[in-house]
Structures are given as structure tokens and as C-alpha cells.
Amino acid sequence: MAGFRATSGGVTARFAKPEAAIIRDLVGQVVELVVADIPSADVPSAGIDELAAMVGISDATEVPDDPVLARLLPDGYRDDPEAAQLLLQTLPAGGGRVRLSADQAEAWLRSLNDVRLALGVRLGVTDDFDGLSEDVKPDDPRHAYIQVYQWLAFIQESLVAALS
């Protein structure tokens, strides 16, 4: 993947089928994680925003027990619930060209950031990430996830650069 580049109408990038599958799978996992944390009182019913309930937006004030959820949903903050859905809608499952407006690109950035936060918590990423990535050998099960984490950082960086 060459990354995102600026166009007259926003940004564009091309994803191979396996790349699109990885991103879609990881975004789906983050959504599932958040949905699993919805208190039963927040299950969608008449008059309740189903999308907000699906991604865990509620009046609940307790900090989630899961460290990934605590990182994704810190006190007093809930990410844009539509960002993950927009990413899934604009990234073809079979790969291909993605064309995004500036607003859509911002939603992609939020979704990619959520995925990196979740993956980073599971990997134990700290300020010394370079040390971690150098210490993990190719036969370590975390090696592939570290590679994906770095690839997601590249995608984010290219998207930010294309928007600048």
C-alpha cells in the first residue's frame, strides 16, 4: 500500500483485499468489544438511538473494567459512534480504491486511532514502543500484531499528511 494521497475532492488510497480484510476485521472487533460492554438497561428500545446503544454510548458513568474499553472510552468521553460505521461503508470488503471527503477522512482517523489504542493496550505499548518492537522476535505471537500496529500507524500518518 502506498498510503493516502490528496485529491481535488479529498483523499484517496488503494487497499489490497487482505489489507481491507485486516482493517475491517479490527474495526469490527472494536465495535464488538464496545457493544459487549453495553449495560442491559441500554439495549435499544423505542425512542433510544440504536447506533448510540450499539457502540456503547449511555448515561453510565462507571469506568469499564476492560483496559481496552477504559482506554477507548475514558471518563466523560465517547468517540464518534458513526466513525466505525463510515469506515466500514467506505472500505470495500474486496479491497480497491477508497475516496474520502475531508469529513470522511477525519472519521477514518478516529476509527483507526481506536483500533490502534485497542491493539496497543493488548500489546502493552508504552512510550518505549521501539524497544518492544525490537525485543519481540518473529516467532513471538505478538510479532504479527506489532507489524499490524505499525502498518496502521503508517496509514494514519499518510492520511494526516494527505489532509495537510
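What's counted below: heavy atoms across the whole structure, side chains too, no hydrogens, waters or symmetry copies.
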Quiz item: Taking the side chain as C-beta and beyond, is there a heavy-atom pair between Val148 and Leu26 under 4.5 Å?
Solution: yes
Practice problem: Identify the two heavy atoms, one from Ser111 and one from Ala84, that lie closest to each other, and give their separation to 0.1 Å. | Solution: OG-N, 3.1 Å
Quiz item: Counting only N and O atoms by type, is there a donor-acceptor contact under 3.5 Å from the side chain of Arg97 to the main-chain atoms of Thr12?
Solution: no
Quiz item: Which heavy atom in Leu119 sits nearest to a heavy atom in Tyr145, and how many Å separate them?
Solution: CD2-O, 3.8 Å
Quiz item: How about Val27 and Asp114: do any of their side-chain heavy atoms sit closer than 4.5 Å?
Solution: no
Self-check item: Shortest non-hydrogen contact between Ala13 and Gly3, atoms and distance
Solution: CB-O, 3.7 Å
Quiz item: Considering all heavy atoms of both residues, which atom of Arg5 and which atom of Ala162 are nearest to each other, and what is their separation?
Solution: C-CB, 3.7 Å
Quiz prompt | Ser101: partners by side chain to side chain contact (heavy atoms under 4.5 Å, CB included), with sequence neighbours left out | solution = Asp103, Gln104
Practice problem: List in chain and number order the residues that pass salt bridge (Lys or Arg N to Asp or Glu O under 4.0 Å) with Asp140, two or more places apart in sequence or in another chain; answer none if no residue qualifies. | Solution: Arg142
Exercise. Output the distance between atom CG (Leu86) and atom CD (Glu106), rounded to the nearest 0.5 Å.
Key: 11.5 Å
Quiz item: If you look at every heavy atom in Gln156 and Leu112, which pair is closest and at what distance?
Solution: CG-CB, 3.7 Å
Practice problem: Over all heavy atoms of both residues, which pair between Ala105 and Val11 is shortest? Give the atoms and the distance, please. | Solution: CB-CG2, 4.0 Å
Quiz item: Among all residues two or more places apart in sequence or in another chain, which pass the side-chain hydrogen bond (donor to acceptor under 3.5 Å, both in side chains) test with Thr90?
Solution: Trp108
Quiz item: How many angstroms lie between CD in Glu19 and CZ in Arg24, if you round to the nearest 0.5 Å?
Solution: 14.0 Å
